[in-house]
**Student:** 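Dropping the structure in here first, questions after.
In what follows, every chain begins at residue 1, and chains take the letters A, B, ... in the order their sequences are listed.
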2 protein chains.
Amino acid sequence: MNASDESTMLPKSGEGKRGEEGYIGYLLRQAAAAYRLRLDRSLSDLNVTPPQFSVMTMLNAYPGQSNADIARVALLTPQTTSVIIANLERAGHIERKAHEVHGRILQINLTPAGQRLLQTCRSRVHAVEQELAQNISDSDVDALRRSLVTIATINAT
Amino acid sequence: MNASDESTMLPKSGEGKRGEEGYIGYLLRQAAAAYRLRLDRSLSDLNVTPPQFSVMTMLNAYPGQSNADIARVALLTPQTTSVIIANLERAGHIERKAHEVHGRILQINLTPAGQRLLQTCRSRVHAVEQELAQNISDSDVDALRRSLVTIATINAT
DNA sequence: CATTCATTGTCAGTACTCTGATATGTTGTC
DNA sequence: GACAACATATCAGAGTACTGACAATGAATG
């Protein structure tokens with residue numbers, strides 16, 4: 001049951017103010033949440049979250065980075081990445097060792113188990129990505145990527 | 001200082017795999033995080049967060065909804081909106097009262113103070129929205145809205 | 001009427017993400 | 001060498017968001 005008697009006044013998702021006429025921030029949040037949820041479920045049996053997959057992908061491409069490096073690349077704060085990296089370390093997917101020269105820096109690398117896990121994750125993520133691309137025209141996908149990069153870059157502190 | 005000796009190998013944000021060629025989920029997450037951060041800072045002196053603004057906007061448009069209603073409209077779980085609504089209630093921006101007929105439902109409404117606050121928030125959010133729209137072509141904004149609605153709606157449970 | 005089912009609200013637990021603050025290590029300047 | 005400036009890591013606190021589980025209310029079915 002609905003709380004109001006005029007429950008028919010509630011627009012359905014994707015219509016009116018809740019659709020293409022709404023705030024961009026609102027649409028952005030919902031789209032990101034929906035996509036993340038799909039990814040979440042697709043990776044849930046592997047006990048890997050989308051942010052963890054992101055960090056592992058970066059460490060695979062650029063091994064030996066520090067927590068601060070990861071934070072810069074991911075456009076996140078060091079405190080945030082610290083939590084994600086701590087969870088990855090606890091699960092045995094990554095290892096940290098002190099930098100030879102710089103005593104305070106901790107260099108991070110994927111463990112062999114982490115590399116194998118990353119491979120499995122990658123195919124899952126690709127599948128979700130494919131599914132998405134099939135529901136949007138190619139030209140819209142191009143515009144989408146362009147716009148998202150712009151939004152992410154405008155005020156990237 | 002950088003953790004690796006080949007620090008120049010790190011691509012800058014918006015370039016290569018970190019740009020228009022990367023995962024859509026990755027771009028989506030970064031764009032949503034960047035936009036949310038801008039909104040966060042623009043509203044910080046009012047002690048209102050973007051999700052709280054969303055909920056207040058919905059309650060203004062459709063007064064008397066329940067927590068479960070809000071969750072459905074916002075495409076979030078009731079647990080999530082419950083926390084947001086509890087914070088809004090603690091701050092005195094909203095009020096909850098039992099439904100006359102249905103004993104368990106709690107209907108939510110903005111307080112007068114909450115309505116005034118919403119007006120202030122709205123102008124701030126509009127400004128951020130304007131700033132964004134100026135950096136993206138009109139046709140790309142249209143495609144962006146279209147794509148975001150599609151993504152948010154595809155598997156909206 | 002009794003049982004079942006769906007809805008509502010909420011508790012507990014986990015993870016992600018921010019701000020603010022603190023301690024430690026490196027570098028550059030005097 | 002002493003000191004200031006910067007980078008790194010980390011602690012604490014708050015808000016957002018999920019899954020899983022539970023009790024209470026109302027509706028539907030037998």
Side-chain angles (χ1 to χ4, degrees), chain A residues 1-4 7 25 29-30 32-45 47-55 65-72 74-91 96-108 157, chain B residues 1-3 7 29-30 32-45 47-55 65-72 74-91 96-108 157:
Chain A
M1 177 177 177
N2 234 298
S4 76
S7 62
R29 191 178 65 91
Q30 283 197 351
Y35 192 81
R36 191 207 146 120
L37 189 54
R38 276 203 293 280
L39 230 49
D40 241 327
R41 289 174 175 160
S42 144
L43 296 173
S44 64
D45 61 311
N47 285 312
V48 175
T49 64
Q52 288 172 0
F53 170 72
S54 280
V55 169
Q65 301 297 312
S66 72
N67 178 46
D69 291 326
I70 298 291
R72 271 188 294 267
L75 299 181
L76 296 173
T77 61
Q79 294 93 323
T80 297
T81 52
S82 177
V83 175
I84 301 170
I85 285 170
N87 286 332
L88 283 173
E89 189 175 26
R90 182 157 41 85
R96 299 203 281 180
K97 63 173 204 295
H99 194 281
E100 299 83 11
V101 178
H102 193 303
R104 191 142 177 82
I105 292 181
L106 295 176
Q107 289 185 302
I108 312 172
T157 325
Chain B
M1 175 177 179
N2 236 299
S7 62
R29 190 177 65 89
Q30 283 196 351
Y35 190 82
R36 193 210 145 114
L37 190 53
R38 278 202 293 280
L39 230 48
D40 242 326
R41 289 175 176 161
S42 144
L43 296 174
S44 63
D45 61 311
N47 284 311
V48 175
T49 64
Q52 288 171 359
F53 170 72
S54 281
V55 169
Q65 300 298 311
S66 72
N67 177 48
D69 292 325
I70 298 292
R72 273 188 294 267
L75 300 182
L76 295 172
T77 60
Q79 294 92 323
T80 298
T81 53
S82 176
V83 176
I84 299 171
I85 285 170
N87 287 333
L88 284 173
E89 189 175 27
R90 181 157 40 84
R96 299 202 281 182
K97 62 174 205 296
H99 194 279
E100 299 82 12
V101 179
H102 195 300
R104 193 145 175 78
I105 292 180
L106 295 176
Q107 289 187 300
I108 312 172
T157 325

**Student:** If I take atom CG from residue B:Leu37 and atom OG from residue B:Ser44, how far apart are they, to the nearest 0.5 angstrom?
**Tutor:** 10.0 Å

**Student:** Closer than 4.0 Å, any side-chain N/O of B:Arg72 to the OP1 or OP2 of C:dT8?
**Tutor:** yes

**Student:** Please report the distance, rounded to the nearest Å, between CG in B:Leu106 and P in D:dG26.
**Tutor:** 12 Å

**Student:** To the nearest angstrom, how far is A:Asn67 atom CG from D:dC11 atom P?
**Tutor:** 12 Å

**Student:** Any chance you could measure A:Ile84, atom CD1, to A:Thr49, atom OG1, to the nearest 0.5 Å?
**Tutor:** 6.5 Å

**Student:** Say you draw a straight line from CZ of A:Arg29 to CG of B:Leu39; how long is it, rounded to the nearest 0.5 Å?
**Tutor:** 10.5 Å

**Student:** Quickly work out the B:Glu89 CD to C:dG9 C1' distance and round it to whole Å.
**Tutor:** 13 Å

**Student:** B:Gln107 has an atom CD; how far is it from atom C1' of C:dG9, in whole Å?
**Tutor:** 15 Å

**Student:** Between P on C:dG13 and CG on A:Asn47, what's the gap in Å once rounded to a whole number?
**Tutor:** 18 Å

**Student:** Whole angstroms only, please: what is the CD1-C1' distance between A:Ile105 and D:dT10?
**Tutor:** 15 Å

**Student:** B:Thr77: which residues meet the side chain to side chain donor-acceptor pair (under 3.5 Å) condition with it, sequence neighbours left out?
**Tutor:** B:Thr80

**Student:** Output the distance between atom OG (B:Ser82) and atom CD (B:Glu89), rounded to the nearest 0.5 Å.
**Tutor:** 9.5 Å

**Student:** Examine D:dT19: is either OP1 or OP2 under 4.0 Å from a nitrogen or oxygen in the side chain of A:Ser44? Give yes or no.
**Tutor:** no

**Student:** With rounding to the nearest 0.5 angstrom, report the CZ to CD1 distance, B:Arg96 to B:Ile85.
**Tutor:** 6.5 Å

**Student:** Could you list the residues that satisfy side chain to side chain donor-acceptor pair (under 3.5 Å) with A:Asp40, not counting sequence neighbours?
**Tutor:** A:Arg36

**Student:** So which protein N/O to nucleotides 15-18 of chain D N/O distances come out below 3.5 Å?
**Tutor:**
unit_1 : atom_1 : unit_2  : atom_2 : d
D:dT16 : OP1    : B:Thr49 : OG1    : 2.2
D:dA17 : OP1    : A:Arg29 : NH1    : 3.3
D:dA17 : OP2    : A:Arg29 : NH1    : 3.4
D:dC18 : OP2    : B:Thr77 : N      : 3.0
D:dC18 : OP2    : B:Thr77 : OG1    : 3.1
D:dC18 : OP2    : B:Thr80 : OG1    : 2.9

**Student:** Determine: side-chain N/O of B:Arg96 to OP1/OP2 of C:dT8, distance under 4.0 Å, yes or no.
**Tutor:** no

**Student:** Using atom CG of A:Leu39 as one end and atom P of D:dT19 as the other, report the distance to the nearest whole Å.
**Tutor:** 14 Å

**Student:** Over how many whole Å does the gap from B:Asp45 atom CG to C:dT19 atom C1' extend?
**Tutor:** 15 Å

